[in-house]
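Let me begin by presenting the structure, written as structure tokens, before commenting on it.
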Amino acid sequence: MKKLIILPLLLFTCISLGQTSQKIYNIIDAVSSKRIEKDIQTLVNFGTRNTFSDTISNTRGIGAARRWIKSEFESISKNCNNCLDVFYQKDFVTKEGNRRVPHDAWVVNVVAIQKGTKYPNRYIIMSGDIDSRASDTMDFTTDAPGANDNASGMAGTIEAARVLSNYQFESSIVYVGLSGEEQGLFGGSGLAKYAKENNWDVIGVLNNDMIGNIKGVDGVIDNRSFRIFSEPVPANETERERQLRRFYGGEVDGVSRQLARYVHKTVKIYMPEMNPMMVYRLDRFGRGGHHRPFNDLGFAGIRIMEAHENYNQQHQDIREENGIKYGDVIEHVNFEYAKKLTAVNAINMASLASAPPAPKNVAIGGIVEPSAKFKWDKVEGAVGYKIYWRDTTSPTWDYSRYVGDVSEFTLEGIVIDNFFFGIAAVGKDGFESPVVFPNKVFR
Ligand SMILES: [Zn+2]
């Protein structure tokens, strides 16, 4: 009799894995462009949010802005039975030794944490920036509305908190407004250090910096494409890891790149109208963003942003010159587009926070053999594992095989030399961890 009972259960597990989740569609639908517009307007109304601007006024400057963001997180928390832990995380920066710091000041981040029910110490982080700048980044008094850079990312982060706080997730979600971006990524450095010191198990950082512009400086108008920037391999890898890559591969398979592929895939499944562009570099050419300080410490982190920037509308004093209007004003922000990119974040955080941890100690074998072999350590909460592989020239994990609740598997007839491989853990509702590229070899 026992066998008869087990069989239907197995069948059910297999079927549910192929399905999409209604919860994820509901999350997409719940994101509001109206609320994002309202929040961007509120942030713009603070005049300037330069990190070194006024902190006393309640209507102008970064102090007023961060207090408003904190109160917004607190009211979201009130609506979900205090599900958010809201606090300031701050570090003191000094003029001395920092050529872009006009005077000593506290760089204050506003953090809201939705604790996970099963893995409270695992964190997926969504960030936007509180601060803005005028043409001169040292100028902390001139109007700098920063509507797109980066009230859009900040408003998206607040809106994601509104939507996701209606649900409970197994892992923790952090919604954060970071400061000091424009003078040296101080806020991101501070929170990355805080995460390290508190032994956070960081699943990844989704840094949102400019998610509202659809008219490029080149004239292209596009409200469907967006970019996912990721560095190839961790910046803090060891010399030995670098050397082993020559023989075993992994040049384009670091943890941040796997996170980028995860976002790309989730969007392809749930938001097929969008065109996610994976860009194989840390950030735009020679420019920076707040995911970088997390990457510096070895955390997975990516930048999500618009596909087409308009440089006349960022880091510019509001003015008109030779018929060109300069300035990052709210008229240029497309709220429907910011809503889409907010949804991109929300569904990926929901998926990651619903998935089991990634498998550990993933090892690969099969040198001079007809089949590729794998071994890994099982993780708590996984109902099974999925082996992914792809042609070495492909950016995405194009082939996969679900292998059930085992800790080793042989892919018969697949020659190790001709593909790259990785393994993900699969939870009971079908949500998957990011893919882990093997870091061990066995014979
Ligand atoms: Zn900027």
Side-chain angles (χ1 to χ4, degrees), residues 39-40 43-44 46-53 61-62 65-66 69 93 98-102 105 107-110 126-157 176-191 205-217 226-229 279 281-295 301-319 326-334 337-338 341:
D39 290 350
I40 293 176
L43 288 162
V44 163
F46 292 116
T48 175
R49 303 184 308 281
N50 185 295
T51 300
F52 302 92
S53 60
I62 191 146
R66 69 191 176 220
I69 293 164
V93 299
N98 287 304
R99 73 189 160 80
R100 297 172 97 181
V101 171
V107 170
V108 183
N109 300 321
V110 188
M126 176 178 182
S127 59
D129 300 307
I130 304 172
D131 64 309
S132 66
R133 59 169 283 184
S135 291
D136 174 5
T137 192
M138 302 283 274
D139 172 359
F140 50 86
T141 55
T142 297
D143 273 357
N148 191 44
D149 181 13
N150 185 12
S152 65
M154 189 66 247
T157 303
V176 61
L178 299 170
S179 297
E181 200 272 344
E182 304 290 3
Q183 288 82 9
L185 311 175
F186 293 115
S189 305
L191 189 67
V205 178
L206 309 180
N207 179 42
N208 288 259
D209 197 346
M210 295 191 269
I211 61 167
N213 187 63
I214 64 166
K215 289 184 197 173
V217 75
F226 70 96
R227 293 180 287 179
I228 309 164
F229 287 93
V279 185
R281 61 195 328 162
L282 168 65
D283 208 321
R284 288 87 33 85
F285 191 94
R287 295 155 75 202
H290 255 149
H291 53 307
R292 191 173 86 210
F294 291 92
N295 292 160
I302 59 175
R303 178 185 186 130
I304 293 174
M305 77 175 300
E306 63 212 23
H308 304 280
E309 292 178 62
N310 190 322
Y311 313 116
N312 298 336
Q313 295 160 13
Q314 42 180 266
H315 303 184
Q316 298 282 358
D317 290 348
I318 301 169
R319 67 193 190 281
Y326 292 90
D328 190 355
V329 294
I330 195 164
E331 286 71 23
H332 301 308
V333 178
N334 186 293
Y337 180 70
L341 296 207

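These figures come from a predicted structure and were not determined experimentally. As the structure lists them, so they are numbered: ligands from 1, and atoms in each ligand from 1.
Not counting sequence neighbours, Phe186 has no partner by the ring-ring contact (aromatic ring centres under 6.0 Å, His included) test. The side-chain hydrogen bond (donor to acceptor under 3.5 Å, both in side chains) search around Asp139 returns Thr141, Thr142, not counting sequence neighbours.
Atom OE2 is the N/O/S atom of Glu182 found closest to the Zn ion (ligand 1). Asp149 contributes atom OD2 as its closest N/O/S atom to the Zn ion (ligand 1).
Donor-acceptor pairing under 3.5 Å is lacking for the side chains of His290 and Asp209.
Counting backbone and side-chain atoms alike, Glu181 contributes no N/O/S atom closer than 2.8 Å to the Zn ion (ligand 1). Distance check for Asp129 against the Zn ion (ligand 1): none of its N/O/S atoms falls below 2.8 Å.
Looking at Arg227 and Glu309, a side-chain N of the basic residue comes within less than 4.0 Å of a carboxylate O on the acidic one, giving a salt bridge.
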